[in-house]
Q: 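Before anything else, here's the structure in question.
Throughout, protein chains are lettered first and strands after them, A, B, ... in sequence-line order, and every chain is numbered starting at 1. Remember, it's a predicted structure, so these values are computed and weren't measured experimentally. Every heavy atom of this structure was used, including side-chain atoms; hydrogens, water molecules and symmetry mates were not.
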There are 2 protein chains.
Amino acid sequence: MPTADKPTRSKTTLTDIAYTRLREDILSGRLEPGLKLRVEHLKTHYGAGASPIREALSRLTGDGLTIAEGRRGFRVAEVSNAELMDITELRVLMETRALRMAIEAGDDEWEALVLASFHRLSKLDERLAMEQPGEEWEERHRDFHNSLVSACQSRWLKNFRDILFDQSERYRRLALANGPGKRDVAGEHKQIMEATLDRDSDRACDLLAAHVQETADAVANSDWVCD
Amino acid sequence: MPTADKPTRSKTTLTDIAYTRLREDILSGRLEPGLKLRVEHLKTHYGAGASPIREALSRLTGDGLTIAEGRRGFRVAEVSNAELMDITELRVLMETRALRMAIEAGDDEWEALVLASFHRLSKLDERLAMEQPGEEWEERHRDFHNSLVSACQSRWLKNFRDILFDQSERYRRLALANGPGKRDVAGEHKQIMEATLDRDSDRACDLLAAHVQETADAVANSDWVCD
DNA sequence: GGTCAATACTTTATCGATAAAATTAATTTT
DNA sequence: AAAATTAATTTTATCGATAAAGTATTGACC
């Protein structure tokens with residue numbers, strides 16, 4: 001399960017650092033799909049010994065971001081249109097289910113969190129306008145989507161949702177690296193936020209589902225070499 | 001993701017062995033919930049060095065069977081009625097969805113597999129009659145349930161289903177270790193199998209959902225100290 | 001008697017070294 | 001020259017040792 005932003009008080013370890021950095025490098029596409037991950041090389045790059053590196057890779061394999069082939073090491077997970085569709089279909093299911101539960105259970109604190117994270121994202125949207133979304137935008141974007149489902153009581157649902165969110169994010173960042181995208185994403189976020197705070201589950205879920213699906217469609221339709 | 005019964009040709013490694021054995025020991029309850037897993041001890045018990053053991057534990061943590069607390073090692077994941085309900089609810093969703101897809105996509109080979117694995121399970125059911133289900137029954141039982149969804153095309157759905165299957169199995173084996181259970185489980189399997197081969201999705205899913213839910217209820221109602 | 005801190009003891013996380021396996025290159029055979 | 005061997009090189013998986021962190025113990029002090 002993704003341990004990147006776990007709020008536990010567990011002390012940070014070299015494995016954690018390697019995991020977090022490797023994860024970000026895979027999600028951003030800096031480590032491209034299919035790339036062989038040689039431990040010797042990663043050791044120098046991430047400043048850790050073989051054990052922490054291998055442990056981090058084991059975790060990432062659990063998240064489906066890398067794959068492990070016994071006796072022949074690790075590589076970055078491949079991508080394909082077929083898998084994108086699989087991920088998206090399941091993610092829509094999980095996201096909407098989690099959102100419904102969050103709307104059901106969310107309290108004032110949750111509302112405040114949703115509003116605040118939306119605000120931070122939209123301010124960044126304004127400022128960046130037509131620019132490339134950078135690391136910070138990705139961070140805020142993730143925070144916003146996390147805030148929506150943060151009031152969902154189901155640990156397991158959120159766990160799986162998190163994994164699929166990461167998967168989707170990787171596809172999006174791989175495909176839209178320089179494709180601008182002509183959708184009004186900021187507006188979609190706004191509508192989702194409003195419907196959510198209105199406690200209009202049906203509408204919020206429909207909007208969120210469309211948001212996820214349309215992003216996937218944009219990825220699939222971007223000129224993109226795969227399979 | 002669970003790598004226990006992956007059909008890839010990847011050579012088996014010490015980490016794989018440790019993973020498989022630890023997993024079985026946790027599912028069977030030999031390693032009880034909350035137990036501290038000291039690497040030094042596991043090293044001698046499973047005959048491997050610290051690195052393979054730690055790697056195996058990292059994988060298990062991804063499956064939610066152990067938890068890792070930075071700088072203070074690993075322990076077997078705790079259990080609670082609340083989590084059992086969470087797991088069950090989500091598992092019903094996944095199992096039925098996967099079964100529906102399998103019924104939709106399954107070919108003759110799949111039908112043969114379902115029938116064969118049901119047969120092996122039911123033969124064992126007859127022979128054991130009222131006895132404790134042992135390791136072999138668990139194996140056959142798992143094979144049967146796996147066969148049902150084996151024709152499902154969605155990798156990710158099956159991945160998550162597998163994880164939740166393991167979780168459910170642990171709860172069941174923990175709770176029903178000596179409680180006999182007065183349900184006709186073999187009969188339930190038969191009905192599920194028949195509805196599935198009849199390609200009656202609605203009925204098969206209803207039966208499977210009830211099967212999963214009733215097992216969970218039996219676990220919850222067994223005299224069982226937890227939370 | 002209970003609290004606190006200094007000390008001794010475990011355990012974890014991590015490194016560096018190495019045998020086994022896989023890959024690549026070189027060489028021979030058909 | 002293509003295929004098959006064999007040799008050389010790289011890479012993985014794994015072990016044993018160790019520093020850093022955590023936990024338990026002891027004993028002084030109020």
Q: Output the rounded distance in Å from CZ (B:Arg72) to C1' (D:dA20).
A: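 It is 15 Å, rounded to the nearest whole Å.
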
Q: Could you give the OH-to-P distance, from B:Tyr19 to D:dA13, as a whole number of Å?
A: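 Rounded to the whole Å, the gap is 17 Å.
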
Q: Please verify the inter-ring angle class for B:His211 with B:His145; under 30° counts as parallel, over 60° as perpendicular, anything in between as tilted.
A: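 Parallel.
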
Q: Produce the list of close N/O pairs, under 3.5 Å, pairing protein atoms with atoms of nucleotides 14-16 of chain C; give distances to one decimal.
A:
unit_1, atom_1, unit_2, atom_2, d
C:dT14, OP1, A:Thr13, OG1, 2.8
C:dT14, OP1, A:Leu14, N, 2.3
C:dT14, OP2, A:Thr13, OG1, 2.7
C:dT14, OP2, A:Thr15, N, 3.4
C:dT14, OP2, A:Thr15, OG1, 3.1
C:dC15, OP1, A:Gly49, N, 3.4
C:dC15, OP2, A:Gly49, N, 2.3
C:dC15, N4, A:Ser51, OG, 3.1

Q: Quick one: list whatever passes side-chain hydrogen bond (donor to acceptor under 3.5 Å, both in side chains) with B:Thr88, sequence neighbours left out.
A: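 With neighbours one apart ignored, the set is empty.
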
Q: Output the rounded distance in Å from CD (B:Glu69) to P (C:dT11).
A: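 My rounded result for the distance is 16 Å.
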
Q: Does the pair A:Asp63/A:Arg170 count as a salt bridge with the N-to-O cut at 4.0 Å?
A: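 No salt bridge links A:Asp63 with A:Arg170.
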
Q: Check this for me: does any side-chain nitrogen of one of A:Arg30 and A:Glu135 sit under 4.0 Å from a carboxylate oxygen of the other?
A: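 Answer for the salt bridge query: yes.
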
Q: Any salt bridge linking A:Arg23 with A:Asp16? Criterion: basic side-chain nitrogen under 4.0 Å from a carboxylate oxygen.
A: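 Here A:Arg23 does not pair with A:Asp16 in a salt bridge, since their nearest N and O are not under 4.0 Å apart.
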
Q: Expressed in angstrom and rounded to an integer, what is the separation of B:Ile53 atom CD1 from C:dA13 atom P?
A: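 So the two atoms are 14 Å apart, to the nearest Å.
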
Q: Whole Å only: how far is the NZ atom of B:Lys11 from the P atom of D:dA13?
A: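 Between P of D:dA13 and NZ of B:Lys11: 12 Å.
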
Q: Take atom CZ of B:Arg38 and atom P of C:dC9, then tell me their distance rounded to the nearest Å.
A: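 In whole Å, C:dC9 P and B:Arg38 CZ are 18 Å from each other.
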
Q: Can you measure A:Phe74 atom CZ to C:dA22 atom P for me and round it to whole angstrom units?
A: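 Taking atom P of C:dA22 as the reference, CZ of A:Phe74 is at 15 Å.
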
Q: Counting the atoms with a prime plus P, OP1 and OP2 as sugar-phosphate, which does B:Leu57 contact under 4.0 Å by heavy atoms, base, sugar-phosphate, or nothing?
A: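 Nothing: the residue B:Leu57, judged by heavy atoms under 4.0 Å, touches no strand.
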
Q: Shortest non-hydrogen contact from B:Leu22 to B:Ala56?
A: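 Answer, listing the atom of B:Leu22 first, then B:Ala56: CD1-CB, 4.2 Å.
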
Q: In whole angstroms, how far is the C1' atom of C:dT23 from the CD atom of A:Glu40?
A: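 Distance, rounded to whole Å: 16 Å.
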
